[in-house]
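Just so it is clear: chains get the letters A, B, ... in the order the sequence lines come, proteins before strands, and each one is counted from 1.
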There are 2 protein chains.
Amino acid sequence: MSKPTSGNIYRSPSVPQVQVHGFWEPRIAAVRDKTAGILHERAVEVGGLKQLDRNSEIPPYEYPFSPDPARGRTVRRIFWDSDFGKIIETIGYIAANGRVPDLEAKVDHVVDLYEKLQLEDGYINSWYIRYDPEHRWTNLRDCHEFYCLGHMLEGAIAYFQATGKDKFLKLLRKAVDQAMATVGPEPGKLRGYPGHEEMELALMKLYRLDGDRKYLDYAKYLIDERGQSPKFFEVEAKARGETQNLRASRDPEYNQSHLPVREQTKIVGHAVRAMYLYCGMADVALDTHDDTLRAALDAIWDDLVQKRLYVHGGMGPSELNEGFTKDYDLPNLTGYAETCAAIGLAFWAQRMLAFEPNSRYSDMMELAIYNGALSGISLDGSLFFYENPLESDGGHHRWKWHLCPCCPPNIARLIASIGTYFYTFTDSALAVHLYGGSEGKFPMAGGETRLTQKTDYPWDGAVEMRVGRDRPGSFALQVRIPSWADDDAMLSVNGETVDIAKHVRKGYVSIEREWKDGDVVLLNLPMRVKRIHANPRVRFDAGRVALKRGPLVYCLEGVDNGNIPLNSILLPGDARFAERFDPALLGGVMTLRTTASAETTGDWAGQLYRERPQETADVDITAVPYYAWDNRDAGEMLVWVRKA
Amino acid sequence: MSKPTSGNIYRSPSVPQVQVHGFWEPRIAAVRDKTAGILHERAVEVGGLKQLDRNSEIPPYEYPFSPDPARGRTVRRIFWDSDFGKIIETIGYIAANGRVPDLEAKVDHVVDLYEKLQLEDGYINSWYIRYDPEHRWTNLRDCHEFYCLGHMLEGAIAYFQATGKDKFLKLLRKAVDQAMATVGPEPGKLRGYPGHEEMELALMKLYRLDGDRKYLDYAKYLIDERGQSPKFFEVEAKARGETQNLRASRDPEYNQSHLPVREQTKIVGHAVRAMYLYCGMADVALDTHDDTLRAALDAIWDDLVQKRLYVHGGMGPSELNEGFTKDYDLPNLTGYAETCAAIGLAFWAQRMLAFEPNSRYSDMMELAIYNGALSGISLDGSLFFYENPLESDGGHHRWKWHLCPCCPPNIARLIASIGTYFYTFTDSALAVHLYGGSEGKFPMAGGETRLTQKTDYPWDGAVEMRVGRDRPGSFALQVRIPSWADDDAMLSVNGETVDIAKHVRKGYVSIEREWKDGDVVLLNLPMRVKRIHANPRVRFDAGRVALKRGPLVYCLEGVDNGNIPLNSILLPGDARFAERFDPALLGGVMTLRTTASAETTGDWAGQLYRERPQETADVDITAVPYYAWDNRDAGEMLVWVRKA
């Protein structure tokens with residue numbers, strides 16, 4: 001991928017290195033044919049281009065943090081640049097697999113506007129340039145200058161890599177230089193760091209592209225400085241005369257600046273901020289071989305997965321801070337679980353896999369991608385969830401656009417680059433993390449290795465991996481055995497069974513041999529319906545089970561279940577599920593059907609409480625994958641089903 | 001009580017007519033000896049007197065609706081007058097049973113300040129006079145002028161009735177005249193009505209005191225005008241140039257102005273506003289014999305008790321509007337259930353009982369008083385709950401004072417006048433609604449009737465009622481048979497059993513006979529522990545039971561249950577409870593003890609989810625009355641316990 005990374009590091013492939021079929025192919029097509037255009041169109045509709053366009057009237061000023069009752073009509077213009085950044089990144093990933101002139105024309109127009117907008121000194125943030133140029137770099141805590149710059153940079157890199165067009169990247173390099181001249185450890189500069197992390201990881205992408213160590217050093221500075229005393233956000237608040245801050249960001253935990261990052265052990269604050277910080281930390285740890293950062297990341301990872309993660313890989317239960325609250329506080333009905341946070345977990349996990357294959361990361365990456373992240377986009381790619389609760393009373397629906405439209409382009413860029421999450425590789429090892437029909441090409445020490453996966457995953461757990469080599473070569477093929485497969489997975493190489501239990505290490509079986517063209521590895525992951533129980537400290541899941549099959553979390557939807565109250569349903573412990581693939585349903589899904597009982601409501605006329613227990617009657621129930629919910633008639637939804 | 005009410009109306013006794021002992025005596029003493037002084041002291045502490053005192057500096061202006069992070073430190077000054085009104089009312093009720101010179105001196109000082117503050121034309125609202133005199137009566141929707149006036153009036157009446165001091169009452173009559181000259185149906189006046197109802201019921205108190213029909217007519221106008229088109233709150237918003245209203249009050253349902261009141265059938269909006277409106281409607285319906293109002297009240301009552309009432313008599317689940325949301329939306333952990341709303345239900349029920357004894361009202365009155373209202377004050381009378389959720393994760397605690405301190409004086413005035421809720425009476429009937437040690441005196445057609453209750457209620461259901469008469473007299477003694485007593489209640493008159501089933505009508509057994517001094521009525525209400533089940537449409541109570549014993553709702557508290565997660569506890573359907581009165585616990589309570597099972601947490605180290613079901617172990621559990629919770633060590637609390 002890049003010059004600076006060493007051979008010991010597990011690199012991710014680029015988008016065109018992995019051609020994806022199967023489950024993900026129609027989703028990638030939807031992003032290419034529908035979502036990408038929609039993202040641009042809606043950003044324009046809400047006035048986005050006018051903000052960038054010096055020749056346009058300035059859209060009416062709105063202080064971005066005023067209470068806003070007209071949700072969905074007005075927008076928070078202060079981070080529009082980040083949305084354009086992610087839209088450009090999405091289109092870059094699409095173009096990497098086949099140029100898209102119409103979409104590229106839109107990007108090129110946006111880039112032209114930025115070119116005209118950019119100030120002499122390189123500063124490029126459209127909100128400040130248009131609304132408040134005098135006050136740039138005076139509120140790093142709240143005002144997203146670094147965050148926007150980071151996303152624009154990610155977009156510029158992806159777009160350049162796909163198309164060779166480097167105009168945006170050049171503008172961005174100049175803008176990064178301006179930021180570095182303004183904020184930094186040197187005397188005369190603001191000794192600050194981003195209020196919303198993102199710049200750190202974007203700098204690492206630029207470092208890996210350009211090989212210029214100044215970007216690595218700057219990313220490391222931003223990470224090392226975070227949480228040091230005196231606290232920069234207090235210093236700058238005082239400097240701008242702020243006497244009272246009404247926002248959640250007053251709490252330094254909100255943006256993870258409460259402690260130097262190496263002293264952090266709990267996952268706290270705004271969930272997306274947290275995820276992006278850990279991505280940057282992992283990147284810097286990897287390229288600087290800094291085990292102190294990695295130790296902090298592992299402590300935080302444990303805290304997340306042991307106490308604060310939803311069963312669908314989402315996180316951050318509270319709307320108030322869009323983030324974390326207390327251990328085991330995982331409400332279902334009001335669960336915030338922002339799409340971007342689950343996506344951020346995939347980003348973070350991918351970066352942890354750069355150290356080594358380890359299913360503690362890839363299991364969570366798969367969980368987040370297939371559930372709490374993928375739920376964020378409708379099957380046709382046109383509507384979006386911002387919040388991903390695990391229960392709905394019928395009032396939670398996908399948005400056309402959001403007051404804070406960060407999630408739609410985020411899920412789009414994830415899907416458009418999904419193949420890059422399937423594998424990591426070194427010169428002498430190829431690790432398979434995600435299963436799905438695909439063809440990958442990996443430049444390795446002894447020549448290119450190709451790997452073709454044939455599978456109906458995630459509906460079926462049989463995966464055929466066929467090795468392609470121009471000439472035989474020795475390397476380790478590292479095959480992930482998901483923790484949900486228990487001890488029942490089966491693995492063979494050219495028909496010879498591999499003893500998984502004997503060879504599995506950190507969730508991977510490493511098959512080291514001389515591979516030749518046509519070698520076949522067969523993996524079979526039993527896809528049984530699993531009942532998941534929650535730690536008794538999670539009050540919201542008490543007496544309930546979640547249904548999983550393979551990597552997918554299931555849910556009940558009203559439309560499949562006669563619209564009876566879903567919490568009236570009781571699932572017997574011995575209920576056997578009929579697993580049926582329905583190609584016409586929800587783009588093709590495996591449904592789970594069984595007979596349960598349900599408390600009847602007909603005998604309660606006019607009663608809210610009574611001494612006589614509820615009566616029950618048998619009822620046939622159907623569960624569908626969580627990611628696909630709210631694509632049909634509105635109704636209740638429930639992940640955690642009551643145990644009979 | 002008053003001149004205008006007719007003999008057919010069931011009047012409530014005044015405070016000194018019912019001397020209360022037993023359960024309520026120490027609570028009344030706490031209000032007298034502690035709470036009343038605290039209420040005044042804390043109102044002064046936050047600057048209340050300065051706002052009234054023309055000689056004091058004006059406290060710094062704070063727009064009352066600004067977001068306010070410093071909860072508990074600043075206050076919403078716009079309705080301080082109402083708090084002084086309720087404090088004065090509380091002290092009035094206390095003084096009615098024995099003068100209290102110290103407390104009265106405080107009241108007299110406040111009244112003197114109001115006297116000096118009141119404007120020439122009678123206007124008396126301290127916030128507008130001190131901060132914004134130009135804009136009085138320009139925002140009836142939000143700015144509480146009527147609400148404050150109503151509470152001051154209630155206070156002035158109670159204080160006058162107890163002490164004979166009429167200075168405050170005179171000021172208030174003048175202020176009412178000013179309001180009537182400003183707002184009303186006549187040309188040139190604002191055709192408005194209160195944004196927060198309260199004035200209507202206060203006017204009815206003044207009407208019943210003075211007998212001046214103009215107050216009745218004005219109360220009727222305020223009720224009849226509500227919700228008529230054109231909507232007044234829209235008219236006045238336009239008049240003051242309001243373009244955008246960020247508050248919940250923008251929704252006319254918030255203040256029940258969405259429809260003319262006779263067309264309303266659903267309970268909606270801000271819960272306390274709703275309760276006070278229905279009180280005013282009931283008062284007007286009673287004194288104008290308006291069955292159309294009563295029909296609307298009964299429809300709304302049904303809607304409340306059938307779909308929107310918590311099992312503890314609280315209501316209004318949402319903090320956002322301090323009120324109602326959807327049918328069956330009764331979350332426990334986040335349940336708002338403002339103390340004032342449960343108190344308001346007692347007020348409303350008491351007024352419905354003026355039409356006739358009917359246990360559909362008195363059952364709910366008792367439920368609200370003993371549970372969702374009484375929980376609002378600590379056992380020692382010094383700390384308060386604003387919200388009364390049915391579950392706590394350990395983070396919900398009593399306040400010393402509240403940003404919006406409406407609840408403390410409200411629960412204080414209820415307790416100080418609790419005897420007035422025990423009975424209603426006509427010239428020829430005496431209805432007993434609440435049981436508790438007490439002596440009541442009732443002027444009836446044939447002479448005074450005295451009724452002495454001896455009982456350990458609510459701990460024991462045996463109630464001895466002894467009639468006192470100077471000479472025998474014929475009247476109906478109407479004895480409430482609570483619905484929770486089922487068919488097991490026993491009733492006798494002078495040792496002769498009364499067949500309850502045969503004689504009960506609308507929840508009361510009416511014993512019509514010639515009563516003579518010393519006649520004894522014995523009532524026995526079996527106090528069994530009851531498991532209450534919720535309608536399956538209440539998702540939050542699914543798979544759970546609430547424990548009740550007599551009128552009391554019980555809860556588990558961490559401190560009594562080893563601080564294990566209360567949602568890990570499973571109550572077997574056949575668990576028998578040991579009922580033990582513990583005089584040293586929580587001021588003396590009946591505890592319920594049994595053996596349940598609990599899911600163990602020790603075997604979950606480091607796991608949030610797993611396939612293996614939870615393991616359980618036996619555990620002894622103790623439940624205490626809900627009203628008494630959070631008077632000891634902080635911890636979890638749970639009303640709805642899981643069924644095994």
Visitor: So which residue, B:D329, B:L333, B:V311, ends up with the most heavy-atom pairs under 4.5 Å with chain A?
Guide: B:V311

Visitor: Tell me the closest heavy-atom pair linking A:A542 and B:N567, and the distance in Å.
Guide: CB-O, 3.5 Å

Visitor: Can you give me the closest heavy-atom contact between A:P536 and B:S568, atom names plus distance?
Guide: CB-CB, 4.0 Å

Visitor: Within a 6.0 Å radius of atom CZ on B:R531, are there more than 12 heavy atoms belonging to other residues, nucleotides or ligands?
Guide: yes

Visitor: For the interface with chain A, which of B:R544, B:E636, B:R308 has the highest count of heavy-atom pairs at distances below 4.5 Å?
Guide: B:E636

Visitor: Does A:N535 use its side chain to pair, donor to acceptor, with the backbone of B:Q607 at less than 3.5 Å?
Guide: yes

Visitor: Roughly how far apart are A:T325 OG1 and B:D393 CG, rounded to 0.5 Å?
Guide: 8.5 Å

Visitor: Do you know which of B:V538, B:D302, B:V305 has the most heavy-atom pairs under 4.5 Å to chain A?
Guide: B:V305

Visitor: Do B:I532 and A:R610 come within less than 4.5 Å of each other through their side chains, counting heavy atoms only?
Guide: no

Visitor: B:I564 versus chain A, heavy atoms under 4.5 Å apart: side chain, backbone, both or neither?
Guide: neither

Visitor: Is there a side-chain contact between B:L608 and A:L330 in this structure, where contact means two heavy atoms from C-beta onward sitting under 4.5 Å apart?
Guide: yes

Visitor: Flag the pair A:Q306 / B:Y609 as yes when at least one side-chain heavy-atom distance between them is below 4.5 Å, and no otherwise.
Guide: no

Visitor: Is there a side-chain contact between B:K548 and A:E611 (heavy atoms, below 4.5 Å)?
Guide: no

Visitor: If you round to the nearest 0.5 Å, how far is CZ of A:R537 from CD of B:E599?
Guide: 12.0 Å

Visitor: Quick one: does any side-chain atom of B:Q614 pair with a main-chain N or O of A:A534 as donor and acceptor, under 3.5 Å?
Guide: yes

Visitor: Quick one: what part of A:T600 sits under 4.5 Å from any heavy atom of chain B, side chain, backbone, both or neither?
Guide: backbone

Visitor: Which bit of B:K307 comes within less than 4.5 Å of chain A, counting heavy atoms only: side chain, backbone, both or neither?
Guide: backbone

